[in-house]
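Have a look at the structure that comes next, please.
By convention in this document, chain letters (A, B, ...) are assigned in the order of the sequence lines, proteins followed by strands, and residues within each chain are numbered from 1.
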2 protein chains.
Amino acid sequence: MAPRSGKGTLGAAAEIFQRICPGRLVLDHVSGRWGVPVMVLLRQGPARYFELREAIDGVSEKMLSQTLRALVRDGIVARRATSSIPPRVTYELTELGRGVAGPLGDLLAWLSEHQDELVAAQRAHDELESSASSVA
Amino acid sequence: MAPRSGKGTLGAAAEIFQRICPGRLVLDHVSGRWGVPVMVLLRQGPARYFELREAIDGVSEKMLSQTLRALVRDGIVARRATSSIPPRVTYELTELGRGVAGPLGDLLAWLSEHQDELVAAQRAHDELESSASSVA
DNA sequence: CCGTATCCTTGCGGATACTG
DNA sequence: CAGTATCCGCAAGGATACGG
């Protein structure tokens, strides 16, 4: 079984089965298409708006703003702006943000380490499937 | 930067900035609306189709099947079926699945532990925002 | 530069009906 | 019991244009 705590293995995560729970609120941002790239990028240090836009392939300005605002609202990212012209806005992880970036980074690291197995599993499964149709 | 993986470094996650990468393939399933509940539930042990459907509040049969098939294809979940009537199909985590469930569980646990701070941050932010409009 | 507002397409996801 | 197939609503998300 799970190498974690024996009995309440599920424990703290139990509430995720409800349709709405506080964890969901953030998890939805964390797990959104762009939340992860933004956070990972900001782990390296503060970045300006256009830097994020350039670095994250395929993100639109709308999505970037939206993602940024959500993360700021969650207290995960801090926004610092000069009220002058030209505007200079930098984003960085808050303490809370660095906190979530840890477990998130671990998950990403695991995916990276095991991506070969995952892709292999997919290929194996796909081949089984196509051979299954030729069995008849 | 240090390409070393593990806690605290960006390292291996660099490829997520590309629009498509192997990690994405699974991350998209992991981060989908139903992937997490399914995996968390299966951490407790094997479960049958209808058990999952009952346990996961709000999931439709379509979404459950879809999620399950995706996870099976990823090699994260194993499907075991009796070819008789009535059909009896059980799903369980594979070795790979238990592997990803670890980091994922840690992330969930972190969210659980810090959800108060996150909600507090959201409320603080919302209040700042509403007071800002009344400053004038 | 740093966004926001608008339009429009895409496809996720729910409900239902049907098959093995 | 365990799915699959179909239809459809709706909201996320991309492209573009414009404001501060």
Side-chain N,O (A:Tyr91) to OP1/OP2 (C:dG3) below 4.0 Å: yes
A:Leu68/A:Tyr49 under side chain to side chain contact (heavy atoms under 4.5 Å, CB included): CA gap, chis, key distance, verdict: CA-CA 9 Å; A:Leu68 251 11; A:Tyr49 181 83; 4.2 Å; yes
Derivation and outcome, side chain to side chain contact (heavy atoms under 4.5 Å, CB included), residues A:Val38 and A:Leu64: CA-CA 8 Å; A:Val38 167; A:Leu64 184 55; 4.0 Å; yes
Short side-chain N/O contact from B:Arg88 to OP1 or OP2 of D:dA2, under 4.0 Å: no
Axial bend angle, the helix from C:dC1-D:dG20 to C:dG20-D:dC1: five-pair end segments, nearest 10°: 40°
A:Arg79 side-chain N/O to C:dC2 phosphate OP1/OP2 under 4.0 Å: no
Spacing of CZ belonging to B:Arg53 relative to CE belonging to B:Met63, to within rounding of 0.5 Å: 15.0 Å
Per-nucleotide protein contact string for nucleotides 15-20 of chain C, where B marks a base within reach and S marks sugar-phosphate only (heavy atoms under 4.0 Å, - for neither): B-B--B
Protein-nucleotide distance (A:Leu64, atom CG; C:dC1, atom P), rounded to Å: 16 Å
side-chain N/O A:Arg48 vs C:dC1 OP1/OP2, d < 4.0 Å: no
Short side-chain N/O contact from B:Arg33 to OP1 or OP2 of C:dG14, under 4.0 Å: no
Under 4.0 angstrom between A:Ser65 side-chain N/O and C:dT4 OP1 or OP2: yes
Separation of atom CD in B:Gln66 from atom C1' in D:dT6, rounded to whole Å: 13 Å
Spacing between B:Asp28 atom CG and C:dG11 atom P, to the nearest angstrom: 14 Å
CD-CG distance between B:Glu61 and B:Leu52, expressed to the nearest 0.5 angstrom: 12.0 Å
A:Glu92 and its side chain to side chain donor-acceptor pair (under 3.5 Å) partner, picked from A:Arg43, A:Arg80, A:Arg79: A:Arg80
Derivation of the side chain to side chain contact (heavy atoms under 4.5 Å, CB included) call for B:His114 and A:Val100: CA-CA 9 Å; B:His114 295 265; A:Val100 75; over 6 Å; no
Approximate separation, where rounding is to 0.5 Å, of B:Arg73 CZ and A:Leu118 CG: 11.0 Å
Gap between atoms CZ and P, on A:Arg53 and D:dA15 respectively (whole Å): 13 Å
